[in-house]
Amino acid sequence: MEAQYRPEVIEPEAQQHWEEKQIFKATEDLSKPKYYCLSMFPYPSGKLHMGHVRNYTIGDVLARYHRMKGFNVLQPMGWDAFGLPAENAALANNVAPAGWTYANIDYMRGQLKRLGLAVDWSRELATCKPDYYRWEQWLFTKLFEKGLIYKKMATVNWDPVDLTVLANEQVIEGRGWRSGALVEKRDIPMYFMRITAYADELLSELDNLPGWPERVKIMQRNWIGKSFGVEIHFPLLPSPALTPSPSPSGRGELRAADAGEKAGGAGGEGTTSASPEPVLKVFTTRADTLFGVTYVAVAAEHPLAHEAAAGNPELAAFIHSCKQGSVAEADMATMEKKGMDTGRKVYHPFTNEPIPVFVANYVLMGYGEGAVMAVPAHDERDFAFAEKYGLPIRPVIKPVDGELTLPLGEAYVEQGVLFDSGDFSGRASQDAIEKIALVLKNLKLGEKRTTYRLRDWGISRQRYWGCPIPIVHCPTCGDVTVPDTQLPVVLPEDVKIDIGSPIKKMPSFYETACPKCGGKAERETDTMDTFVESSWYYARYACPENAEAMLDERANYWLPVDQYIGGIEHAILHLLYARFFHKLMRDVGLVNSNEPFANLLTQGMVIADTYYRDLGEGKKQWINPADVEEREGVTVLKADGQPVTVGGTEKMAKSKNNGVDPQSLIDQYGADTARLFMMFAAPPEQSLEWSDAGVEGANRFLRRLWKTVYEHVEAGEVGSDGFDLSGLTPAQHDFRRLLHTVITKVSDDIERRKQFNTAIAANMELMNALVKLEGNDAQTRALKQEALEAIVLMLAPIVPHICRSLIKALKPGTCLMGAAWPVVDESALVRDEIELMLQVNGKLRGKIKVAADASKDSIEQAALDSPDVQKFMDGKPARKVVVVPGRLVNIVV
RNA sequence: GCCGGGAUGGCGGAAUCGGUAGACGCAGCGGAUUCAAAAUCCGCCGUUGGAAACAACGUGGGGGUUCGAGUCCCCCUCCCGGCACCA
């Protein structure tokens, strides 16, 4: 064995061995339990950052641990290769997105391999390859035919200067990131996936996911946002200016799940119903406050708003001003709440009192009916709005056991008891909601309804670098899906990029014949949201080379994924879409399980400081943390010494250029040190502010481990028969108990707690004790052999390269890949004496040693006899003695 | 704004079910080794008072429950993630 730890020698050697022997190639094997371990695949942004190292090391530790526990492990890897950054890079560097993407994949694959991941590379996939996305297109056509994909209008960010649609990320402070122009909202036709049809199942199945973090399930529940309420119809007074012209529609029965569909069409359903009388529909979860309604507010896109604006230039201007700004909900929610009276009025369904209708910029067209009844006395937002516009505030709910202080200083939002509410006065809120719904139903002015916050998923993107939507627009046949035989619709890769998608200007792409009638037709030139690709890749890994089908029976062998690992930022969108897709695939017969991911580990963000220079008009130049330094208290760019602006601390991302490349760390210390340091720095679920302080310590520990094994091995072979467990000295006995306590703890830390920092700490503690173990006799050497073997095997999932070398040195002829996880010797854990803490009035005052099997009475007596305790009892009698077995005794005086 | 999470020594963190706060590591300080340095090894290392023994205080801030609270409950502050076209 070499005296020096040389990662630059042993790491490539180990990696080459694993690759040549195809150690990690997974095959379906019914003789072992399967373990499908999946880390979220990376977007090939250029280089790995620390978040990737964290993510993939966590996955690798779990994959390697389960392999040692006898599982048939699959750990695949691939590339989430379509996306906006490729187009940005193409624009900046005048290269094709495809070439840029493939070059990044090649570089990053090399980096991942250098980390020594136990990945089956034979299953590698990239979502931008036709052999992958053709199945996405195939599924699209099936879903379109089933009505699970449909077309409707939707609102996007429009850059009036560059004449392009902008992603939310490209809107900075209300302006386009390149042009600096004020962004406008614009309605365009898009394809939607009917995720709302699965809302109930997506919600209820969360209860069948015990292996998911509670916080993620809570976020998904809130996102789906099922609420029980009442739809209320406010009859419209005839317009003072015009005769009302309700758009004809027989679809007044459409429920909330479809609300978005009609909303986008800006269709008129909102002002119509089955009854001939025009009504304004609102949805509320607080029907008990109905008598407190003092105005009704509609979204700027609401048909009634448009109608009212026809003869009212001021209102038209206000509605137009609501169109300014991004469509992002965060922007909508934080902007100043503004409104304007439409001049139109509705009747209160019970009192027949006329109520004004406002247009308000805070009412969202996409949720419910695009209209709300406002109760300033019992809703904070309505209260603020009413104060601003001098609208009446009419309290109708009071606390069950008290009175309201009038006038109200703020909205009283709790449920309570109704007053000033006609026949409903005196009823409790819940009871009143039921009764009011019933009476409204009898009057045909409303009914109980369930709504969801969840909206259907708009998947059209007006971008180039994505999967083409397999639709042909035929002037005679309409939207026709591309038949299986004509798939895939291949995205041309050799393109020139400027503003706007090149395939929209490429007749060779969009000119085609209608698959139905053979007439002249045009292809859809929008591409799909990249979330579509990442919604099913986990299943394709089971059969990535299958050219005949999207999935085959191997998917049912491997699925569901036993352990999914990825950033907490995906808690809602990606994970919800993937769950949705799994159910879609189940319902077309591709998989037989209900959920894709049995266990989920949400890794905390690796965050880093951001730095930028303002280029004006909302444009910023982001500067990498590696390129700045502090000079005399000022943060400056190293290159020119000029100051930079310090931004916030945010997740490492391409867009903020704050990713730290792990390559120099790996080059300097090796992959094992990088892996060990990353796992030791913090528990996986916690967010981690990046700092390389402590890397030295991780490397030092590995050198120390190497040296300890080296010295042990150099001292000669240890006879396996020289180990006499009954003849251990007390110190040796204590050490062996520590060893087996640590094996118990580390197993639990990795398998159940998934907290690797403490698993590493326990091994360090054991190493510290081992180094202090005196003596060179056969007993001691056998004990050290047992401990070193266990430490090396316990650390193997985390630092596999060094452990491969060390196990070969400790047990010549053994192979790490065949090695099993260390087994606990329960008999080593037995103690005959334990230490108990002594408290007086909850304060620590001393400790005693008692026999492990001492009775409660004898423990109490021993505690009361202790001089440490008596000193603080001041001669007073014990009022109470609390004995916590195995822990402490608390004496209350 | 809404939803979710977090805050513990100079720093990263530990304390797993309400029961010894600060494991393990980093940095720092002192010592050994060395011609010297690096590396390595040994020791100290929450704050205040004290020569020490020891005592008091101490887990973002305020209040509460409990024999006992970093952990549970209420209120607040700040930070991080998400908010449907970043992935």
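Numbered from 1 within each chain, the chains take letters A, B, ... in sequence-line order. What you see is a predicted model, and the numbers here were worked out from it, not measured in a lab. The figures here come from the full heavy-atom set of this structure, side chains too, leaving out hydrogens, waters and symmetry mates.
In this structure, the ring of A:Phe41 has its center no less than 6.0 angstrom from the ring center of A:Trp79.
Residues that satisfy the side-chain contact (heavy atoms from CB on, under 4.5 Å) test with A:Ser460, not counting sequence neighbours, are A:Met190, A:Tyr191, A:Gln462, A:Ile469, A:Asp526. For A:Val884, the side-chain contact (heavy atoms from CB on, under 4.5 Å) partners are A:Val882, A:Arg887, A:Leu888, not counting sequence neighbours. In terms of the side-chain contact (heavy atoms from CB on, under 4.5 Å) criterion, residue partners of A:Asn699 (sequence neighbours excluded) are, by chain and number, A:Tyr5, A:Tyr669, A:Thr673, A:Arg703. For A:Glu650, the salt bridge (charged side-chain N to carboxylate O under 4.0 Å, His left out) partners two or more places apart in sequence, or in a different chain, are A:Lys656.
Counting only heavy atoms from C-beta on, A:Thr649 has its side chain closest to B:C80 among B:A87, B:C80, B:U20. Closest contact between the side chain of A:Phe531 and the listed nucleotides B:A87, B:A55, B:C86 involves B:A87. When distances run from any side-chain atom of A:Asn168 to the nucleotides B:C85, B:A87, B:C80, the shortest one goes to B:C85. Considering only side-chain atoms of A:Trp457, the nucleotide from B:U20, B:G12, B:C85 that sits closest is B:C85. Side-chain proximity of A:Glu329 to B:A21, B:C83, B:G12: nearest is B:C83. Considering only side-chain atoms of A:Leu573, the nucleotide from B:U20, B:A14, B:A84 that sits closest is B:A84. Out of B:G1, B:A55, B:C85, the shortest distance to the side chain of A:Ala333 is found at B:G1. Looking at the side chain of A:Lys651, the nearest of the listed nucleotides B:U20, B:A87, B:U16 is B:A87.
Sorted pairs that involve residues 752-772 of chain A and meet ring-ring contact (aromatic ring centres under 6.0 Å, His included), not counting sequence neighbours, are lacking altogether. Listed by first and then second residue, the salt bridge (Lys or Arg N to Asp or Glu O under 4.0 Å) pairs involving residues 685-696 of chain A amount to none (not counting sequence neighbours). For residues 38-49 of chain A, no residue pair satisfies the salt bridge (Lys or Arg N to Asp or Glu O under 4.0 Å) rule, not counting sequence neighbours. Residue pairs satisfying the salt bridge (Lys or Arg N to Asp or Glu O under 4.0 Å) criterion with at least one member in residues 745-759 of chain A, sequence neighbours excluded, are listed as follows: A:Lys745-A:Asp749, A:Asp748-A:Arg752, A:Asp749-A:Arg753.
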Can you check nucleotides 22-26 of chain B for protein contacts, nitrogen or oxygen pairs under 3.5 Å, and list what you find?
{"from": "B:A23", "atom 1": "O2'", "to": "A:Glu765", "atom 2": "OE1", "distance (Å)": "3.3"}
{"from": "B:G25", "atom 1": "OP1", "to": "A:Asn768", "atom 2": "ND2", "distance (Å)": "3.2"}
{"from": "B:C26", "atom 1": "OP1", "to": "A:Arg700", "atom 2": "NH1", "distance (Å)": "2.4"}

Using nucleotides 3-7 of chain B, report all nitrogen or oxygen pairs with the protein that are shorter than 3.5 Å.
{"from": "B:C3", "atom 1": "O3'", "to": "A:Asn222", "atom 2": "ND2", "distance (Å)": "2.8"}
{"from": "B:C3", "atom 1": "O2'", "to": "A:Asn222", "atom 2": "ND2", "distance (Å)": "3.0"}

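Taking 3.5 Å as the limit, the base of B:U16 and the side chain of A:Lys745 contain a donor-acceptor pair of atoms between them.
Remark: the separation of the C1' atoms in B:A14 and B:A21 is 9 Å, to the nearest Å. Nucleotides B:G22 and B:C41 place their P atoms 25 Å apart, quoted to the nearest Å.
Here the side chains of A:Glu136 and A:Trp536 are in contact, with some heavy-atom distance below 4.5 Å. Proximity of A:Met767 to A:Ile791: side-chain heavy atoms (C-beta onward) are separated by under 4.5 Å at one or more points. Here the side chains of A:His574 and A:Asp80 are not in contact, with every heavy-atom distance at 4.5 Å or above.
In this structure, A:Lys152 satisfies the cation-pi test against A:Phe192, with its NZ or CZ atom closer than 6.0 Å to the six-membered ring centre and inside 45 degrees of the ring normal.
One atom, NZ of A:Lys843, and another, P of B:A55, lie 10 Å apart when rounded to the nearest Å.
Counting only Watson-Crick or G-U wobble pairs whose defining distances are both under 3.5 Å, the stems of 3 or more consecutive pairs in RNA chain B are B:1-7 with B:77-83, B:10-12 with B:24-26, B:28-32 with B:40-44, B:46-49 with B:54-57, B:60-64 with B:72-76.
Within residues 882-890 of chain A, the residues approached by RNA chain B to less than 4.0 Å at the level of any non-hydrogen atom are A:Val882, A:Val884, A:Arg887, A:Leu888, A:Asn890, in residue-number order.
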